[in-house]
Protein chains: 2
Amino acid sequence: MLANPIQKEKIDPRVKRTRTLIRHAFDELLAETSFKSITIQSITQRAEINRATFYAHFPDKFVLLQDTIQRAFQQELEKRTLSACHYSDDNLLALIITVCEFIAQSDQHCKTIDSEFDMLVETQVKNQIRVLLEHWLSLTGSEIAPGIAATATAWAIYGLAIYWKHNRSAAKPSAEQFAQQVFPLITANLKMVQPI
Amino acid sequence: MLANPIQKEKIDPRVKRTRTLIRHAFDELLAETSFKSITIQSITQRAEINRATFYAHFPDKFVLLQDTIQRAFQQELEKRTLSACHYSDDNLLALIITVCEFIAQSDQHCKTIDSEFDMLVETQVKNQIRVLLEHWLSLTGSEIAPGIAATATAWAIYGLAIYWKHNRSAAKPSAEQFAQQVFPLITANLKMVQPI
DNA sequence: CCCCCTTTGTTGTTTATCCGACAAATGACC
DNA sequence: GGTCATTTGTCGGATAAACAACAAAGGGGG
């Protein structure tokens, strides 16, 4: 079930195929209808796989959504080579921009008016931000627990990104502009554990 | 092996998937390299299936090519609704045009300088033309064996199409013009069994 | 409320695909 | 010609996926 965090071993082509089919069908459906109205049946039907096979890979559609978000956000991070780098002001700025644009793009791609869906996305993305920040902080060897700072910062970044998405119709700052504007606020969270 | 001529029964999604993967990989390779240099290994590798699985569907790459040609030509016929209709002058004219354009297009699509390949295409297409003509003739209830006339006509049509492909650089007649030009010759073959 | 229909997980069995291995055939190069 | 590497068919055992069936849980509409 759900390959290891680091999938180094060769994977059976059959499971690779099946998972790709499931994910592709799910992506299509997300663009067409709301998450709430997507059924396991509709996914497996679209993917042209047996319904029982779905359960061999995902326990339910919620985990599938988590997995989808996870991969999509990870891809955005890797596109900007943020997933495996150290901390720097530029990288933090890029991270903020990434979150803003990811939220904007997923909002535009998905046909969903569904608070449950939004909640799942939020939880998943915040968690990934936290993990990344924790990784950055752990490399600095700070004496204060990185978990605290990473959590606070992750929440702050996501909250600001949401704020930007809702209010951009008024002032219309670009993601870059907004990120630079809020940058001091964010670094404040990290300064506690990140001496100059 | 190779579904029945009329595949009415439900087909296992797995075999449908596998065959699609094989055909798609083969199409790609045909566009990239010569038929001669395509190996079973390269096909299964591209298709991301096991090599042994290939043999569960096709005995060798020659049969796969036959199948590919068969389907491609059949699709061209259906595009012009010729595959399941009766004989008429218009339909015969359309058939000639179809053959010309099919040869031209396959020549342009495939990176092959291979007489063996050309021979297989020729055999397969001529045979399909013959079958279609035989079907048309059988519907007329003529007393003369349709096999003779259909065979002769099929060879004539294919030969003329090849002639057109080689010589079109000189006079440059369109397939339609050429078809109308040779139409009397072709009907001459059929007139024996097709009283006015 | 009950009824009807759909969806959901789950199970046992069958089937297609994977995988490694093998000998034989082929082809390139010396 | 001989050697070496690659490809080819083919096999037996392992595993993923298909399939049919089931009880249980929603989810409207009368």
Side-chain angles (χ1 to χ4, degrees), chain A residues 1-4 7-26 28-30 32-67 112-117 120, chain B residues 1-4 7-26 28-30 32-67 112-117 120:
Chain A
M1 185 90 63
L2 283 174
N4 324 6
Q7 42 194 147
K8 47 194 170 188
E9 318 93 19
K10 273 196 175 180
I11 197 169
D12 192 317
R14 289 174 289 185
V15 325
K16 182 182 172 189
R17 237 173 275 156
T18 301
R19 290 186 183 159
T20 300
L21 287 170
I22 292 176
R23 293 191 181 110
H24 186 249
F26 186 58
E28 280 189 5
L29 289 170
L30 268 184
E32 293 173 13
T33 181
S34 75
F35 174 69
K36 182 176 159 55
S37 62
I38 295 177
T39 68
I40 308 290
Q41 279 204 121
S42 65
I43 297 170
T44 56
Q45 214 165 301
R46 175 80 59 116
E48 293 188 283
I49 63 164
N50 192 277
R51 192 167 57 83
T53 305
F54 178 92
Y55 294 102
H57 297 274
F58 302 95
D60 51 49
K61 70 173 182 174
F62 302 98
V63 175
L64 173 57
L65 177 59
Q66 272 185 262
D67 177 80
T112 197
I113 322 284
D114 187 340
S115 63
E116 192 179 28
F117 174 85
L120 285 166
Chain B
M1 186 90 64
L2 283 175
N4 323 6
Q7 45 193 147
K8 48 193 172 189
E9 319 92 19
K10 272 195 176 181
I11 197 167
D12 192 317
R14 288 173 291 184
V15 325
K16 182 182 172 190
R17 235 174 277 154
T18 301
R19 290 186 182 159
T20 300
L21 287 170
I22 292 175
R23 293 191 181 108
H24 185 249
F26 186 58
E28 280 189 4
L29 289 170
L30 268 184
E32 294 173 12
T33 181
S34 77
F35 174 69
K36 182 174 159 56
S37 62
I38 295 177
T39 68
I40 309 289
Q41 279 204 120
S42 65
I43 296 171
T44 57
Q45 211 165 303
R46 176 79 58 115
E48 292 189 284
I49 63 163
N50 192 277
R51 193 167 58 85
T53 306
F54 177 91
Y55 295 101
H57 298 273
F58 303 94
D60 51 50
K61 70 173 183 173
F62 301 99
V63 175
L64 173 57
L65 176 60
Q66 273 186 260
D67 176 81
T112 198
I113 320 287
D114 187 340
S115 63
E116 191 179 29
F117 173 86
L120 285 166

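This is a predicted model, so every value here is computed, not measured. Chain A is the first sequence line, chain B the second, and so forth, proteins listed ahead of strands; every chain is numbered from 1.
Residue B/I49 contributes atom CD1, which lies 13 Å from atom C1' of C/dC19 at whole-angstrom precision. A/F58 has its CZ atom 14 Å from the P atom of C/dG9, to the nearest Å. Following rounding to the nearest Å, B/F54 (CZ) and D/dT7 (C1') show an atom-to-atom distance of 13 Å. For B/Q45 and C/dC18, the CD to C1' distance is 15 Å, given to the nearest whole Å. Note: CZ (B/F62) to C1' (D/dG9) measures 14 Å, nearest angstrom. Rounded to a whole Å, the CG atom of A/D12 is 5 Å from the P atom of C/dC19. Taking atom CG of residue B/D60 and atom C1' of nucleotide C/dT26, one finds them 15 Å apart after rounding to whole Å. For B/Y55 and D/dG12, the OH to C1' distance is 18 Å, given to the nearest whole Å.
In this structure, A/K61 fails the cation-pi test against A/F26, since its NZ or CZ atom is not both closer than 6.0 Å to the six-membered ring centre and inside 45 degrees of the ring normal.
The closest donor-acceptor contact from the side chain of B/T33 to the backbone of B/L29 lies at 3.5 Å or more, if one exists at all. At distances below 3.5 Å, not a single donor-acceptor pair connects side-chain atoms of B/D114 with backbone N or O atoms of B/S34. Listed for the B/T44 side chain is a donor-acceptor partner under 3.5 Å among the backbone atoms of B/I40.
With D/dG9, C/dG20, D/dA18 as the choices, the nucleotide that has an atom nearest any side-chain atom of B/I40 turns out to be D/dG9. Of the listed nucleotides (C/dT7, D/dC19, C/dG9), D/dC19 has the atom at the smallest distance from the side chain of A/N50. Looking at the side chain of A/T39, the nearest of the listed nucleotides C/dC19, C/dT10, C/dT8 is C/dT8. For A/T53, the listed nucleotide lying nearest its side chain is D/dA17; candidates were C/dT10, D/dA16, D/dA17.
Between A/K36 and A/V15, the residue whose closest nucleotide on DNA chain D is further toward the 5' end is A/V15. Take the nearest nucleotide of DNA chain C for B/R51 and for A/S42: the residue whose nucleotide is more 5' is A/S42.
Here A/H57 does not reach the OP1 or OP2 of D/dA16: none of its side-chain N or O atoms lies under 4.0 Å away. Contact check, B/T18 against C/dT17: a side-chain N or O comes under 4.0 Å of OP1 or OP2.
Around the CD atom of A/E48, the shell of radius 6.0 Å holds no more than 12 heavy atoms that belong to other residues, nucleotides or ligands.
One N or O donor and one acceptor, one from the side chain of B/R14 and one from the base of D/dA17, sit under 3.5 Å apart.
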